[in-house]
> 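Sending over a structure as structure tokens; questions will come in a sec.
All values below were derived from every heavy atom in this structure, side-chain atoms included, with hydrogens, water molecules and symmetry-related copies excluded. In what follows, chains carry the letters A, B, and so on, assigned in the order in which the sequence lines appear, proteins first and then strands, with residues in each chain numbered from 1.
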Amino acid sequence: MLNLYNSYTKSLEEVELSQDEIKIYLCGPTVQSSPHIGHGRSSVVFDFLIRYLKYLNHKVLFVRNITDIDDKIISKSSEQGIEFQELANKVMTEFGDVYSSLNCLTPDKEPKATEYIDEIKEYITQILNKDMAYISESGVYFETSNFTDYLKLSGRKLDEVISGTRVELQDDKNAPEDFALWKFAKEGEPYWDSDWGKGRPGWHIECSAMINALLGEEIDFHCGGNDLIFPHHENELAQSKAAKPNKNFVKYWLHNGMINLSGKKMSKSEGNVKILKDYIDEYSGDVMRFYFLRAQYRSPQEFTEDLLIESRTTFKKISEFVEESKSAPIDKNLLNIFEACMGDDLNTPKLIGEIFIQINHSVTLEEEELQNLRSTVRFIFDILGFTFTKVENEKLPKDKLIKFFEEYKIIFETIEQAMGEFISIREKYRLEREYKIADEMRNKLLEIGIKIEDGKKDGWSWNNN
RNA sequence: GGCGACGUGGCGGAGUGGCUACGCAGCGGUCUGCAAAACCGUGUACACCAGUUCGAUUCUGGUCGUCGCCUCCA
């Protein structure tokens, strides 16, 4: 059983899944600036869902779009004196890198708005033909007053939409709440030809058109951050229902909560954006994923670097528990827990708690049961997209190492060889009860970033932390 | 201002009408030459005020507070 919160009905619903392909559309980024933690959350959280659906033996058709043309991209690129495509491509690459280091499943299709201009124009024509849009001086606009269900998704009232608006209103619109399907190009702006005039698509229409082109008239899940509910998804829904009144555009609307930086929402306008890549590089994709796993996907989630450090510590425990084991779904009890938690609107924090309860109880288990538990925990984390790849040890500069080991008359060839000799020298001192020297060696080694942990099998390890 | 969400121990974060969440940190211990690591043990938190109830952190109402959306945003 899978219960998920549907933003449209504002309630937890038992999801009905057909045995056919499940169609999922995730609103991807506008490629105007580098990905931040919030982008990471949205992609990882819905990656959990997709992977879980696959675990439940469903076929999934997953589309995530890229908005590569919009006002911000145009203005930013012109500030930098480059073509808008150049900026879009650069940022797009950054997003691709981040998705892959977070081990998010590659979408089956990843359409860009600029590659679907024909479909977009065709879609606008359909809306015009249904008398749900009109052409004015500055563009083609959606006639919201002709769409009775407008604002049903976001639950707003019409006068609120206008009263809160501080943006200059276009005076060639029939109503202030009407939104652009096609914006006519101003001097110097990029444009595509159309029957109505040279211009570019509005923000919302690309999603309607690309969903229609790639997934069809009806889809199962439409996902994105909850900041997109209004106006983006509201308008998208209006367009799609206007073009196809008899179709149920989206079965379930799913929205993830925002990341908060020290109590504040992180957004471009607040200027408190942190670059996601830096954290991935420092903490690894698994740790970032685990950080996202710690919060239920709809709740706002606190972000500080300390919480990332904590996530690393906690995740390390799990990796060590699972390290030597093969992934296998053996422990039925734990699998039931897994499904119960995931089925409860993806309650991943609860799942983590339950897994730790199992780990804590494992001391009483027989060897075989313990192995089964380890394998099953590993299996669950595999399903959730964790890789358990060891963090590449930070490369210390070789000259620094050579110099360091010279002091102890060790000729550096490889780190293993040099450390082996270093340890045996130090061991000699320890046997001779020359603890001062031994401790000093340990401390000096720590200064260059290598930590000795006496009593461990290996005897030494990198200090990645 | 409008709409919505939320307020759980030092921090993060589940959950429940009566019973241990869990993780991190802290504290005590075992081990150790000393550390570290590891292991064992350890905490009567549920914003405030009323009400319903045999009993409320969990239900209802109010108060205060925090956050989000309302404008491009995941």
> Base, sugar-phosphate, or nothing for A/N360, non-hydrogen atoms under 4.0 angstrom?
sugar-phosphate

> Does the Lys NZ or Arg CZ of A/R64 fall within the cation-pi geometry relative to A/F46 - under 6.0 Å from the ring centre and within 45° of the axis?
no

> How many Å lie between CD on A/E427 and P on B/G33, as a whole number?
11 Å

> Would you say A/Y116 and A/N65 are linked by a side-chain donor-acceptor pair, where the criterion is simply a distance under 3.5 Å?
no

> Is A/D345 salt-bridged to A/R298, going by a charged N under 4.0 Å from an acidic O?
yes

> Atom CG of A/L151 and atom C1' of B/G2: how far apart are they, to the nearest Å?
13 Å

> Do we get A/R156 above A/F230's six-membered ring, with its NZ or CZ under 6.0 Å from the centre and within 45° of the axis?
yes

> Pick base, sugar-phosphate or nothing for A/V45, based on heavy-atom distances below 4.0 Å to the nucleic acid.
nothing

> Within this structure, what is the NZ-to-C1' distance between A/K72 and B/A74, rounded to whole angstrom?
14 Å

> Does a nitrogen or oxygen in the side chain of A/K317 sit under 4.0 Å from OP1 or OP2 of B/C24?
yes

> Return the NZ to CZ distance between A/K109 and A/F62, rounded to the nearest 0.5 Å.
13.0 Å

> Would you say the side chain of A/R442 and the base of B/A35 hold a donor-acceptor pair, judged only by whether the two atoms sit under 3.5 Å apart?
yes

> Taking only the side-chain heavy atoms of A/N260 (C-beta and beyond), determine which of B/C70, B/A74, B/G68 contains the nearest atom.
B/G68

> Regarding A/F356, tell me which of base, sugar-phosphate or nothing describes its non-hydrogen contacts under 4.0 Å with the strands shown.
sugar-phosphate

> Which nucleotide, in any strand shown, forms a Watson-Crick or G-U wobble pair with B/G26, with both distances under 3.5 Å?
B/U42

> Side chain of A/D344, backbone of A/A340: donor and acceptor closer than 3.5 Å?
no

> Specify the separation, in whole Å, of atom CD1 of A/I69 and atom P of B/C72.
16 Å

> Go through residues 331-339 of chain A and report each residue with a non-hydrogen atom lying under 4.0 Å from RNA chain B, sorted by number.
none

> If we ignore angles and hydrogens, is there a donor and acceptor under 3.5 Å between the side chains of A/H204 and A/H233?
no

> Indicate yes or no: at least one non-hydrogen side-chain atom of A/P231 is less than 4.5 angstrom from one of A/F179.
no

> Considering heavy-atom distances to RNA chain B, does A/H232 or A/A438 have its closest nucleotide positioned more toward the 5' end?
A/A438

> With a 3.5 Å cut-off and heavy atoms only, can you find an N or O donor on one side and an acceptor on the other between the side chain of A/H36 and the base of B/A74?
yes

> Is B/G55 paired to anything, Watson-Crick or G-U wobble with both distances less than 3.5 Å, and if yes, which nucleotide?
none

> Measuring only between side-chain heavy atoms, which start at C-beta, is A/K54 closer than 4.5 Å to A/L105?
yes

> Can A/Y408 and A/F422 be said to form a ring pair (Phe, Tyr, Trp, His ring centres under 6.0 Å), step by step?
CA-CA 8 Å; A/Y408 298 92; A/F422 183 87; 5.1 Å; yes

> Name the nucleic acid region contacted by A/G40, choosing base, sugar-phosphate or nothing; use a 4.0 angstrom heavy-atom cut-off, strictly under.
nothing

> If you measure from the Lys or Arg side-chain nitrogens to the Asp or Glu carboxylate oxygens, is any gap between A/D70 and A/R200 under 4.0 Å?
no

> Suppose we define a pair by two distances each less than 3.5 Å, Watson-Crick or G-U wobble; what does B/C6 pair with here?
B/G65

> Return the pairing partner of B/A50 with a 3.5 Å limit on both distances, Watson-Crick or G-U wobble; otherwise return none.
B/U60

> Using atom P of each nucleotide, how far apart are B/A56 and B/U66 to the nearest Å?
29 Å

> Taking N or O atoms only and anything under 3.5 Å, show me the protein contacts with nucleotides 10-14 of chain B, one pair per line.
from: B/G12; atom 1: O2'; to: A/R294; atom 2: NH2; distance (Å): 2.7
from: B/A14; atom 1: O3'; to: A/N347; atom 2: ND2; distance (Å): 3.1

> Both A/I357 and A/F46 contact RNA chain B. Which one's nearest nucleotide lies toward the 5' end?
A/I357

> Ignoring hydrogens and angles, are the base of B/G33 and the side chain of A/D439 linked by a donor-acceptor pair under 3.5 Å?
yes

> Find the partner of B/A21: check Watson-Crick (N1-N3 plus N6-O4 or O6-N4) and G-U wobble (N1-O2, O6-N3) distances, both under 3.5 Å, and reply none if neither fits.
none

> Using a heavy-atom cut-off of under 4.0 Å over every strand shown, decide if A/R298 touches base, sugar-phosphate, or nothing.
nothing

